[in-house]
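The structure appears below as structure tokens.
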Amino acid sequence: MRYRRLRADELPVETVDLAQALIGCVLVRDCPDSRSAGRIVETEAYVRDDPASHAYRGPSARNASMFLGPFHAYVYKIYGTSLCVNVTSETEGAGAAVLVRAIEPLEGLQIMEERRGTTRMRDLARGPGRLCQALDIGMQLDGVDLLRDKRLWLAVPASREVPVRRRVGKSVRIGITKAADRLLRFYERGNPFVSGPKGLSP
DNA sequence: TAGGCGATGCTCT
DNA sequence: GAGCATCGCCTAG
């Protein structure tokens, strides 16, 4: 399958708009010998002045890349074992980002199965930690420009001019305790590759 | 199949 | 020393 890089003028910089616009876009991971890619089906917005956001208390060694300009990767380790990947938003210094929570595998299924240690399609990249493992996203990709980098980049299928807007549902965010009532999670309705409890993704 | 819970190690107080 | 933007295993039904 062929993909076309997204351009900055095709994506909104405002965090909530970006979280919704990324649904249906493709995340491509190129390694020397392989390509793996999937459609983004679930995101969460971490906005400015958001108590649940890693940027809430200001810049630190861990969250530094969250303060880069828009469309950079913020990769961090959580619970000691899992990695998560975000797309930064707003402007340089704002400290806002969109967490990519799940993708629908499109290409490189075999290498994703090897990285994940399962052949169960639905479990390959459902959840932020799983998708990082499936795409071999590590800390070396923290801070890369997702519109220009050769290893990890945002795309649309080459046959399409503009990302197709899918039916996007919204809910509270998963796994947080602060600002837990805000409807800042977005997902493609009815898609089986969306993570989280069923009640949150009707 | 759905829900509960322990592992796990880093970050920040 | 507490608190995680999670995962996979185990159990119950």
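In what follows, chains are A, B, ... by sequence order, proteins preceding strands, each numbered from 1. Just so it is clear, the structure is predicted and the values come from calculations on it, not from any experiment.
Between the side chains of A/Q133 and A/R116, at least one donor N or O lies within less than 3.5 Å of an accepting N or O. Side chain to side chain, A/S36 and A/E107 fail the donor-acceptor criterion of an N or O pair below 3.5 Å.
Rounded to whole Å, atom P of B/dA2 lies 8 Å from atom CZ of A/R122. Atom CZ of A/R130 and atom C1' of C/dA5 are 15 Å apart (whole Å). Taking atom CD1 on A/I78 and atom P on C/dA2, their separation rounds to 18 Å, with Å as the unit. In this structure, the OH atom of A/Y74 is 9 Å from the C1' atom of C/dA5, given to the nearest Å. C/dA5 atom P lies 6 Å from atom OH of A/Y76, rounded to whole Å. Atom-to-atom, CZ of A/R116 to C1' of C/dC7 comes out at 8 Å; the value is rounded to the nearest Å. Distance CG (A/L83) to C1' (C/dC7): 13 Å, rounded to an integer number of Å. Rounded to whole Å, atom C1' of B/dT13 lies 16 Å from atom OH of A/Y56.
Lacking a ring centre under 5.5 Å from that of the base six-membered ring together with a plane angle below 30°, A/Y79 does not count as stacked on B/dA7.
In this structure, A/R173 reaches neither bases nor backbone, as no heavy-atom distance under 4.0 Å exists between it and the strands shown. At the heavy-atom level, A/M139 lies nowhere under 4.0 Å from the strands shown. Across all strands, A/I176 comes closer than 4.0 Å only to sugar-phosphate atoms, never to a base (heavy-atom distances). No engagement by A/R185 is indicated, since no non-hydrogen atom pair under 4.0 Å with the nucleic acid exists.
If A/T177 and A/G129 are placed on DNA chain C by their nearest nucleotide, the residue sitting closer to the 5' end is A/T177.
With C/dC4, C/dC7, C/dA5 as the choices, the nucleotide that has an atom nearest any side-chain atom of A/K178 turns out to be C/dC4. If you check B/dA2, C/dC4, C/dC7 against the side chain of A/S82, the one that comes closest is C/dC7. Ranking C/dC4, C/dG8, B/dT8 by closeness to the A/T81 side chain, first place goes to B/dT8. Closest to the A/R62 side chain, of the nucleotides B/dT11, C/dT6, C/dG8, is B/dT11. Here the nucleotide nearest the side chain of A/H54, chosen from B/dA2, B/dC10, C/dA5, is C/dA5. Comparing B/dC10, C/dA5, B/dC12 by their nearest atom to the side chain of A/K77 picks out B/dC10. Of the listed nucleotides (C/dG8, B/dC12, C/dA5), B/dC12 has the atom at the smallest distance from the side chain of A/R57.
Taking a pair to require two hydrogen-bonding distances under 3.5 Å in either a Watson-Crick or a G-U wobble arrangement, B/dA2 pairs with C/dT11. The partner of B/dC12 is C/dG1, judged by Watson-Crick or G-U wobble contacts that both fall below 3.5 Å.
With values rounded to the nearest 0.5 angstrom, A/I137 atom CD1 is found 9.0 Å from A/R115 atom CZ. The line from OG1 of A/T43 to CG of A/L22 is 6.5 Å long, rounded to the nearest 0.5 Å.
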Do A/D149 and A/R29 pass the salt bridge (charged side-chain N to carboxylate O under 4.0 Å, His left out) test, and can you show the C-alpha distance, the side-chain angles, and the key distance before you say yes or no?
CA-CA 10 Å; A/D149 197 83; A/R29 173 73 168 114; over 6 Å; no
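Within the structure, a side-chain polar atom (N or O) of A/S60 is placed less than 4.0 Å from OP1 or OP2 of B/dC12.
A ring-centre distance under 6.0 Å is not found for A/Y46 and A/H54.
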